[in-house]
Every structure is written in C-alpha cells, then in structure tokens.
Engineer: 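I have a structure here, written as structure tokens, and I will follow up with some questions on it.
Proteins get letters first, then strands, A, B, ... in listed order; numbering begins at 1 in each.
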2 protein chains.
Amino acid sequence: MNIHDVAKRSGLSVVTVSRVINNSPTVREANRQKVLKAMEELNYQPNSAAQSLVRGKTGIIGMSITNLNDSFYDRVIKVANRKLADQGYFLALSISENEGEGDINNFLFQRDRVDGIILLSPIEEEQYVAELKKKKIPFILLDNQYEHDDVSSVVVDNFQGGYDATKHLLDLGHTRIAHIGGPTIFLSAAERKRGYMKALADAGLTPFAIEYSGFTVSSGYEVAKKWIREDALPTAIFAGDDFIALGVVHALREEGVRVPQDLSVVGFDDQQLAGEFYPRLTTVRQPEAQMAGIGVDLLLRQINGQMEAPTVTKLSPKLLVRESTAYLKQS
Amino acid sequence: MNIHDVAKRSGLSVVTVSRVINNSPTVREANRQKVLKAMEELNYQPNSAAQSLVRGKTGIIGMSITNLNDSFYDRVIKVANRKLADQGYFLALSISENEGEGDINNFLFQRDRVDGIILLSPIEEEQYVAELKKKKIPFILLDNQYEHDDVSSVVVDNFQGGYDATKHLLDLGHTRIAHIGGPTIFLSAAERKRGYMKALADAGLTPFAIEYSGFTVSSGYEVAKKWIREDALPTAIFAGDDFIALGVVHALREEGVRVPQDLSVVGFDDQQLAGEFYPRLTTVRQPEAQMAGIGVDLLLRQINGQMEAPTVTKLSPKLLVRESTAYLKQS
DNA sequence: CTGAAAGCGCTAACAC
DNA sequence: GTGTTAGCGCTTTCAG
C-alpha cells in the first residue's frame with residue numbers, strides 16, 4: 001500500500017498526492033479533498049524511510065543519556081522534547097550504559113538516522129565527540145566536562161553555584177563550614193568544590209573539613225555519621241548534591257542534631273525530593289529549561305546551516321533558600 | 001558519497017560492496033579486503049534510510065514512556081535496552097507527556113520508523129492501542145491497565161503484592177493495619193488495595209483506616225501527620241508505594257513515633273531510595289528484569305511472524321523484608 | 001494547476 | 001564469485 005494506490009483511488013497522479021502530503025498550496029481544493037478522502041479510506045501513511053531517503057533528512061533528533069533516575073535530567077529532557085516538537089522535530093532518547101565500544105555503534109550515531117544529536121552529560125565524552133566529528137553529524141553538548149574545538153555546548157557554572165551556596169552559609173554567620181564533594185572525576189563536582197574554596201578564601205577562612213562521596217543518600221549519610229562519631233561536626237555543610245545532603249540531614253536527625261537549628265545544610269540540583277522532606281532543603285537549582293532551550297537552538301541552527309562559530313554557553317545556577325539553613329546559633 | 005563511490009574505489013561492483021556490508025560469505029577474501037579498505041578510506045557508512053526502505057525494516061524498537069524519575073522504569077528500560085541490543089535491535093525512547101492528540105503522531109507511531117513498539121505504563125492506553133492496531137504496528141504492553149483483544153502484555157500481580165505485604169504485617173501480630181493507597185485511577189493502586197482488603201478479610205479483620213494520596217513523599221507525609229493530629233494511628237501501615245511510605249516514616253519520626261518499634265511500614269516498588277534511608281524500607285519489589293525480558297521476547301516473536309496467540313503474563317512481585325517492620329509491641 | 005520521468009542509496013533476483 | 005537489472009516509496013525537476 002503506497003502512494004500509487006492513493007493516486008489510483010483518487011483518480012489523480014502520485015505527484016498530486018505527494019503535494020497534498022506536503023501541504024503544497026498549488027493543489028486545487030477539490031482535488032485535495034479527493035486525495036485526502038482516498039488517504040483516509042486506505043488508512044494511508046507515507047513511508048518515512050522513503051521520505052528520509054529522498055529528502056536527506058529524518059526529522060529526528062537523538063539524545064544520548066546515561067541515567068534516568070534524576071530530576072535534573074528529567075527536566076532537561078522534557079524541555080528539549082517540547083522545544084523540538086514545536087519545531088517539527090522528534091526527540092529519540094537512547095540510553096548508553098557506558099559499556100565502551102558497543103555504544104558508539106548505537107543507532108543514533110549514524111548520519112542518516114538522525115538530523116542531529118544532543119549529548120547530555122556524556123560519560124566517554126572525548127570518544128563520542130571524536131566519533132561524531134568524524135561522521136560529520138551535527139551535535140551539541142549539554143552539561144559536559146571538557147572543551148572541544150568547533151563544538152557548541154551549554155554548561156552550568158558550577159563554580160558559581162558552589163560559591164553562592166557557601167556565601168549563603170557565610171552570610172548566616174557560619175565559619176566552620178565543611179564540604180562533602182561528589183566524585184572528583186566529574187568536573188561539576190570539582191567546580192562546586194572550587195567555588196566553595198574560593199568563597200571561604202574570600203572570607204579569610206579555611207575549610208573545616210572536606211570529604212568525598214558518591215552522589216547518593218547513603219554515602220552522605222556515612223560521612224555525617226563518621227563526623228558525629230569523631231565528634232567533629234561543623235556548623236554548616238555544603239553538600240555536592242541533594243542526595244548527599246538528604247543523607248546528611250537524615251544522619252544528623254538520627255543523632256539528635258537539629259537542622260537547621262544546630263547545623264545548616266545546603267544541597268545542589270533541586271531534586272524533586274529535596275522539596276518534600278523536612279526541613280525542605282536549601283539548594284542550588286540548575287537552569288535546566290534554559291540549558292535545554294539554548295542547546296536545541298544551537299543544534300537546529302547548525303542543522304540549518306546557519307553555522308556561526310561554535311559557542312560555549314555558561315549558565316548561572318540559582319540559590320534556592322528554603323529551610324535547611326539558618327543563622328549561626330549564638331552560644 | 002555512496003555505495004557507488006566505494007565500488008569505484010575498490011574496483012568492484014556495488015553488489016559486491018553490498019555483500020561485504022551484509023557479511024555475505026560469498027565474497028572472495030581478497031576482494032572483501034579491497035572493499036573494506038575503500039570503505040575505511042572513504043569513511044563510508046551505508047545509508048540507513050535506503051537500507052530500511054529496501055529491507056522493509058529499521059532495526060529499531062520504540063518505547064513510549066511517561067516518566068523518567070522512577071527506579072521501576074529505570075530498571076525496566078535498562079533491561080529492555082540490553083536484551084534488544086543482544087538481538088541486534090536498538091531501543092529508542094520517546095517521552096509522551098500525555099498532551100492528548102499530539103502524541104499519537106509521535107515519530108514512533110509510524111509503521112516504518114520502527115519495527116515494533118513497547119508501551120510502558122501507558123497513560124492514554126485505549127487510544128494508543130487503537131492507533132497501533134489501526135496502523136498494524138507490532139506492539140506489546142508493559143505494566144498496563146486494561147485487557148485488550150489480540151494484544152500481548154506483561155503485568156505484575158499487584159493484588160498479590162498487596163496481599164503479601166499485608167500478610168507480612170499480620171504475621172507480625174498486627175491487627176490495626178491502615179492503608180494509604182495511590183490514585184485509584186491506576187489499576188495497580190486499586191489492585192494493591194484489593195490485596196490488602198483480602199488479606200485482612202482472610203484474617204477476619206477489617207481495615208483500620210484507608211486514605212488515598214498521590215505517589216509522592218509529601219502526600220504520604222500529610223496523611224501520617226493527619227492521623228497523628230487526630231490521634232488515630234494504627235500499629236502498621238501498608239503504603240501504596242515507597243514514596244508514600246518514605247513520607248509516612250518521615251512524618252512519624254518527626255513526631256517521635258519510632259519505626260518499626262512503635263509502628264511498622266511497608267512500601268511498594270523498591271525505589272532506589274527505599275534502601276538508603278533508615279530504617280530501610282520493607283517493600284515489594286516488582287520483577288522488572290523478567291517483565292522486560294518477557295516483553296521483548298513477545299514483541300520480537302511477533303515481529304518475526306511467530307505469532308502465537310497473544311498472551312497476558314502476570315508476574316509475581318516479591319516481598320523484601322528489611323527494617324521498617326517488626327513484631328507488634330506487647331503492651 | 002497537474003503529470004511524466006528521473007533518481008535518492010541500497011538489496012534481491014537472476015544471469016554469467 | 002561476481003555483476004546487471006529492477007525496484008523499494010517517495011519528491012523533484014521540468015513540461016505542459
């Protein structure tokens with residue numbers, strides 16, 4: 001069942017049918033109706049492989065992701081999905097579980113499967129970028145780690161986020177401020193820590209303590225417990241992300257340390273849950289919507305050949321003051 | 001740059017090149033090498049639109065999802081991804097934010113874009129099923145709500161899950177057992193509640209209290225707070241899912257009610273976080289791996305025309321006893 | 001405003 | 001083993 005069947009049934013030529021499919025204005029209204037009717041009766045849908053072949057484009061944008069279970073990704077993806085739909089593109093997500101080579105042969109990474117690709121927080125970034133460049137597939141990077149020649153990307157200023165979070169704690173009168181950082185292989189984690197250090201230095205202070213952990217509740221929990229055991233608690237903690245922060249708060253409460261009365265905690269990312277547990281977490285929200293929006297624009301412009309020089313956009317995160325931070329107790 | 005260029009460069013015909021691409025054994029080794037070399041030098045990749053067109057298949061399986069931020073989905077998706085990859089298929093995810101009509105024209109829902117579709121916990125199920133049937137696209141349902149003629153699906157026995165969870169509480173000596181159910185428009189929520197009712201009835205008991213809430217921490221929290229305010233606390237609570245349960249535990253602890261010493265709580269889904277907060281939640285784990293595995297098999301068999309009668313597979317969930325439940329305190 | 005013809009890049013008969 | 005030919009379903013000149 002193809003365009004010829006429709007042509008036959010409507011008594012017109014395949015060309016006219018094609019014109020109707022593509023909303024060409026140069027079709028007599030009566031004929032358009034005939035064609036539409038035939039399409040309807042035949043339950044006809046144009047073959048997209050054929051369309052892609054002849055047009056040289058697919059209308060699909062691929063996005064490679066590594067993780068689902070996270071509010072930050074969730075928001076970025078949903079905004080990108082909507083923006084792309086507005087422009088007539090579809091977003092196809094592909095999970096890459098960083099199993100090395102296999103992934104690079106992912107269906108996404110074929111020039112004619114997609115019109116462009118968005119790499120969200122890619123794991124094997126260098127490798128992917130090299131491959132995409134080689135295959136000449138238009139692409140952009142979101143929340144990536146490194147700079148590359150000729151590649152546009154949108155990142156968040158994690159340094160500033162770390163700085164702002166720490167500054168907030170300083171403004172509340174805290175001086176004994178500890179940090180629990182995420183894995184330092186992540187640039188974002190390293191930057192947040194750097195912001196923390198700088199804010200402290202600007203205030204003439206030094207870190208009270210620094211520990212590293214995974215981006216999980218349990219590892220934040222462990223670190224806090226350890227500090228309690230060692231009786232080495234600060235008065236404020238800047239956690240590398242909300243999961244860590246949630247774990248910290250949890251451990252403190254178990255031990256009777258009140259948040260924020262006895263100890264203030266700041267997280268990062270504004271995870272869904274950060275606003276649901278009490279005290280609701282003061283945190284740093286990344287501008288996901290902006291990130292996705294700019295990223296999509298950049299990619300689409302590249303695809304349409306309005307290829308300006310590639311740009312690296314750095315977005316400012318925003319401190320969200322809620323209930324897990326308070327003025328230092330006068331004692 | 002196409003197959004002809006490769007043919008020219010290697011000094012062989014396009015057919016031979018095609019054979020090499022498709023690993024046909026009937027190519028002289030020396031020639032194969034020539035072709036491979038030419039492909040390499042030209043950095044050639046076969047055009048997949050053309051391949052799809054002529055083969056009548058794409059090698060892509062689409063999966064429609066509604067939500068990312070959830071461990072259950074995360075696990076199902078990852079297993080499906082792996083299983084499909086093993087069989088030479090790629091999984092393309094598409095988010096459908098239930099905006100009504102628009103979604104149905106999703107790129108996934110075009111016969112020749114994908115070889116088959118998996119609908120995971122679809123929202124507008126009836127509509128999607130009707131559309132897919134009409135378009136004659138092979139598909140299966142995972143964790144769906146309704147039964148349909150001629151459609152294979154894999155679901156979890158939520159009734160049994162609810163029954164087992166409640167039975168566990170009964171076995172611990174509890175008799176005052178309340179339930180906080182998820183939105184009853186979800187069959188899964190209704191079934192879990194039904195299991196709860198049945199277990200109680202089998203023990204000659206009646207529900208201590210039943211409330212409904214969203215599948216969120218905050219709504220579980222609210223319900224527990226309300227019960228505390230009204231001084232109407234049961235000795236055990238079966239929550240509709242882990243988020244609700246987490247909210248309940250959180251509220252109870254705030255009020256000095258100890259879990260599990262004073263009150264036992266059971267959740268559902270084994271969310272990532274359920275095992276990270278203390279007390280670690282006793283919960284019901286859905287067999288995601290099995291679900292995805294069976295679903296993929298069903299779909300692939302359908303695609304390959306080994307079309308047995310459509311089947312509805314109901315999988316048993318598994319109670320995970322951890323630390324949020326304990327024997328009823330003798331008082 | 002409409003249609004005939006060519007061709008997108010590839011694979012599947014069918015010869016040789 | 002290898003190549004010639006046809007055609008997958010569609011859009012795009014180019015006439016008319």
Engineer: Where the side chain of A:D112 meets the backbone of B:S48, is there a donor-acceptor pair that is under 3.5 Å apart?
Structural biologist: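 The answer is yes, because a donor-acceptor pair under 3.5 Å joins these two groups.
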Engineer: Name the atoms and distances for all side-chain donor-acceptor pairs under 3.5 Å in residues 53-65 of chain A, with sequence neighbours left out.
Structural biologist:
| residue | atom | partner | partner atom | Å |
| --- | --- | --- | --- | --- |
| A:R55 | NH2 | A:N22 | OD1 | 2.8 |
| A:K57 | NZ | A:Y89 | OH | 3.3 |
| A:T58 | OG1 | A:I60 | N | 3.1 |
| A:T58 | OG1 | A:R113 | O | 3.4 |
| A:T58 | OG1 | A:D115 | OD1 | 3.2 |

Engineer: State whether B:D74 and B:K78 are salt-bridged, where the test is any N-O pair (Lys NZ or Arg NE/NH1/NH2 against Asp/Glu carboxylate O) under 4.0 Å.
Structural biologist: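 Salt bridge present between B:D74 and B:K78.
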Engineer: Say you draw a straight line from CD1 of A:I303 to CD1 of A:I137; how long is it, rounded to the nearest 0.5 Å?
Structural biologist: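 One finds 11.0 Å between CD1 of A:I303 and CD1 of A:I137.
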Engineer: Nearest 0.5 Å, please: how far is CG in B:L93 from CG in B:L68?
Structural biologist: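 One gets 7.5 Å once the value is rounded to the nearest 0.5 Å.
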Engineer: Can you check the B:D112 CG to D:dG9 P distance for me, whole Å?
Structural biologist: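 Nearest whole value for this atom pair: 10 Å.
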Engineer: Report yes if at least one side-chain N or O of A:S13 is closer than 4.0 Å to OP1 or OP2 of C:dA4; otherwise report no.
Structural biologist: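 For C:dA4, OP1/OP2 do not have a side-chain N/O of A:S13 under 4.0 Å.
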Engineer: Nearest whole Å is fine: how far is D:dT11 C1' from A:L12 CG?
Structural biologist: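 That distance rounds to 17 Å.
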Engineer: Taking DNA chain D as the partner, which of residues 19-28 of chain B come within under 4.0 angstrom of it by heavy atom?
Structural biologist: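 Only B:R19, B:T26, B:V27, B:R28 qualify.
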Engineer: Any carboxylate oxygen within less than 4.0 angstrom of a Lys/Arg side-chain nitrogen, looking at A:R82 and A:D86?
Structural biologist: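 No salt bridge links A:R82 with A:D86.
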Engineer: Are B:E29 and B:R32 ion-paired here, with the side-chain N under 4.0 Å from a carboxylate O?
Structural biologist: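 Answer for the salt bridge query: yes.
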Engineer: May I ask you to evaluate whether B:S18 reaches the phosphate of C:dC10, defined as a side-chain N or O under 4.0 Å from OP1 or OP2?
Structural biologist: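 Checking C:dC10 against B:S18, no side-chain N or O comes under 4.0 Å of OP1 or OP2.
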Engineer: Nucleotides 7-9 of chain C: which of its N/O atoms have a protein N/O under 3.5 Å away?
Structural biologist:
| residue | atom | partner | partner atom | Å |
| --- | --- | --- | --- | --- |
| C:dG9 | OP2 | B:N2 | ND2 | 3.4 |

Engineer: Between the main-chain N or O of B:E147 and the side-chain N or O of B:N144, is there a donor-acceptor pair closer than 3.5 Å?
Structural biologist: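 A pair under 3.5 Å: no.
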Engineer: Rounding to an integer number of Å, can you tell me how far A:M39 CE sits from D:dG9 P?
Structural biologist: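 Atom-to-atom, A:M39 to D:dG9, this comes out as 16 Å.
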